[in-house]
Number of protein chains: 2
Amino acid sequence: MIIGDPYSRDCPTRKVLDRIADKWAVLVLGLLMGGPMRFNQLRRTVDGISQKMLSQTLKSLERDGLVSRKAFATVPVTVEYAITPLGQTLADTVDALRVWAETHMEAVTAHQQRYDAGAASGA
Amino acid sequence: MIIGDPYSRDCPTRKVLDRIADKWAVLVLGLLMGGPMRFNQLRRTVDGISQKMLSQTLKSLERDGLVSRKAFATVPVTVEYAITPLGQTLADTVDALRVWAETHMEAVTAHQQRYDAGAASGA
DNA sequence: CTGTATCCTCTACGATACTG
DNA sequence: CAGTATCGTAGAGGATACAG
């Protein structure tokens, strides 16, 4: 049954991949590393996210235990989201990708340009 | 304009994220770590991938310089794909995610179940 | 302020068929 | 065997409006 085989359809590793695939989740997670934030505060900070996606992302992160939600019964309801210890471990891991990007993105871009130039001239 | 800010729309880090987001790319990359493979060989090994996606994925990986393509002018054309040194560095980084998954996936799943149970009862 | 529900579009992907 | 081109569909995600 090979539960650890990423090449089979049902594998926990693929699930993590899908979570990382969600760029909004990664972005929000990274943002919360800097401390708790409120809903609209997140929305304003993450460039381009819609309420729907933010809401959806936060709910998903909370369900996974990566982020915690705390509501305050103030007059206009206030909600604070914070990263959990578990979420912190994932965020740290994902951060390695950011480092990779910063280190190698230039090489990738350069290669893309060479590739595009070559493909255009029929090579 | 903060080009290095992942929270702005145009940021190299987001591009890497998008690449990782592509589970097929990750899967193929991981597979090629074990040595060069041919097109249909990859197709047979990666459970559930379509020719279209495999073709597309390989082309994309090649363009990024993460994978190299070598064609042999045999009677039925033979093509071999191999991971590049650059691709290797990414694969290694991504592997950290696999490790995270194996380490924490159980905790995540457990939390999901608790969450679902709580949400159902209205807590 | 913090969400949820609805609609609507747009694209990613699979299936299929065809070429070198 | 290795790919490309076309078509159809399902789902992701944005915009909007509404509710607690």
Side-chain angles (χ1 to χ4, degrees), chain A residues 7 9 14-15 17-28 31-32 36-63 67-82 115-116 118-120 122-123, chain B residues 7-10 14-15 17-28 31-32 36-63 67-82 115-116 118-120 122-123:
Chain A
Y7 307 113
R9 287 162 192 274
R14 281 208 184 175
K15 291 199 186 0
L17 240 37
D18 286 343
R19 175 133 320 297
I20 304 307
D22 184 352
K23 73 175 178 213
W24 297 132
V26 175
L27 257 17
V28 168
L31 214 42
L32 291 179
M37 290 181 81
R38 301 218 318 278
F39 189 87
N40 280 337
Q41 199 177 355
L42 283 166
R43 183 145 75 98
R44 265 177 272 115
T45 309
V46 181
D47 187 22
I49 197 171
S50 63
Q51 313 147 288
K52 181 183 178 179
M53 287 317 291
L54 180 56
S55 176
Q56 193 173 303
T57 298
L58 286 169
K59 195 180 293 185
S60 185
L61 287 171
E62 191 197 354
R63 191 175 102 98
V67 154
S68 65
R69 194 192 102 115
K70 176 158 198 195
F72 299 90
T74 51
V75 180
V77 186
T78 304
V79 180
E80 230 180 48
Y81 290 93
Y115 180 94
D116 292 343
Chain B
Y7 308 112
S8 90
R9 286 162 193 275
D10 300 310
R14 280 208 183 174
K15 291 197 182 6
L17 240 38
D18 286 342
R19 176 132 320 295
I20 304 308
D22 184 351
K23 74 175 177 212
W24 297 131
V26 175
L27 257 17
V28 168
L31 214 42
L32 291 179
M37 291 182 80
R38 301 219 317 279
F39 188 88
N40 280 335
Q41 198 178 355
L42 282 166
R43 182 146 74 97
R44 265 175 272 116
T45 308
V46 181
D47 187 22
I49 197 170
S50 63
Q51 315 146 282
K52 182 182 177 179
M53 287 317 291
L54 179 55
S55 176
Q56 194 172 302
T57 298
L58 286 169
K59 195 179 292 185
S60 186
L61 287 172
E62 191 198 353
R63 191 173 102 98
V67 154
S68 66
R69 194 192 102 116
K70 176 158 198 191
F72 299 90
T74 52
V75 181
V77 186
T78 303
V79 180
E80 230 179 49
Y81 290 94
Y115 181 94
D116 291 344

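Within every chain, numbering begins at 1; the chains are lettered A, B, ... in the order of the sequence lines, protein sequences first and strands thereafter. Scope of the values below: all heavy atoms of this structure, side chains included, with no hydrogens, waters or symmetry mates.
- In this model, the phosphate group of D:dA2 is not approached by any side-chain N or O of B:Thr78 to a distance below 4.0 Å at OP1 or OP2.
- Residue A:Tyr81 is tested with A:Leu54, A:Val28, A:Leu58 for a side-chain contact (heavy atoms from CB on, under 4.5 Å); the sole match is A:Leu58.
- Nearest approach of B:Val26 to B:Arg19, heavy atoms of both residues: CG2-O, 4.5 Å.
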Tabulate atom names and distances for all N/O pairs under 3.5 angstrom spanning the protein and nucleotides 9-11 of chain C.
none

Take nucleotides 15-20 of chain C nucleotide by nucleotide from the 5' end and write B, S or -, depending on whether a protein heavy atom sits under 4.0 Å from the base, only from the sugar-phosphate, or from neither. BBB--B

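- Note on the helix from C:dC1-D:dG20 to C:dG20-D:dC1: angle between the axes of the first and last five pairs equals 40°, rounded to 10 degrees.
- From B:Arg38, atom CZ reaches atom OG1 of B:Thr45 across 11.0 Å, with rounding to the nearest 0.5 Å.
- Distance CD1 (A:Ile49) to P (D:dA12): 16 Å, rounded to an integer number of Å.
- Whole-Å rounding puts the B:Glu80 CD to D:dA2 P distance at 10 Å.
- Among the protein residues, A:Lys23 comes within range of no part of the nucleic acid, since none of its heavy atoms lies under 4.0 Å from any strand.
- Partners of B:Lys59 according to the side-chain contact (heavy atoms from CB on, under 4.5 Å) rule, which considers only residues two or more places apart in sequence or in another chain, are A:Tyr115.
- Spacing between atom CZ of A:Phe39 and atom P of C:dG3 amounts to 6 Å, rounded to whole angstrom units.
- Partners of B:Ser55 according to the side-chain contact (heavy atoms from CB on, under 4.5 Å) rule, which considers only residues two or more places apart in sequence or in another chain, are B:Phe39.
- Taking each heavy atom of A:Met37 and A:Leu31 in turn, the nearest pair found is SD-CG, 3.8 Å.
- Counting only distance, with no hydrogens or angles, the side chain of B:Ser60 and the backbone of B:Gln56 share no donor-acceptor pair below 3.5 Å.
- Rounded to whole Å, atom P of D:dG14 lies 6 Å from atom CH2 of A:Trp24.
- Applying the side-chain hydrogen bond (donor to acceptor under 3.5 Å, both in side chains) criterion to A:Ser50, with sequence neighbours excluded, gives no partner residue.
- B:Glu80 CD to B:Leu32 CG: the interatomic distance, rounded to the nearest 0.5 Å, is 10.0 Å.
- One finds the OG1 atom of A:Thr57 at 8.5 Å from the CH2 atom of A:Trp24 (value rounded to the nearest 0.5 Å).
- At whole-Å resolution of the value, CZ in A:Arg43 and C1' in C:dC1 are 10 Å apart.
- Look at A:Arg38 and you won't find any side-chain N or O under 4.0 angstrom from OP1 or OP2 of C:dC1.
- At whole-Å resolution of the value, CD in A:Gln56 and C1' in C:dG3 are 13 Å apart.
- Taking the side chain of B:Arg44 as heavy atoms from C-beta on, and the options D:dC1, D:dT4, C:dT4, the nearest nucleotide is D:dC1.
- Whole-Å rounding puts the B:Leu54 CG to D:dA2 P distance at 10 Å.
- Residue contacts for B:Tyr81: at a heavy-atom cut-off of 4.0 Å it reaches the sugar-phosphate backbone alone, with no base atom in range.
- Expressed to the nearest 0.5 Å, how far CE of B:Met53 lies from CG of B:Asp22 amounts to 5.5 Å.
- Residue A:Asp22 contributes atom CG, which lies 11 Å from atom C1' of D:dA12 at whole-angstrom precision.
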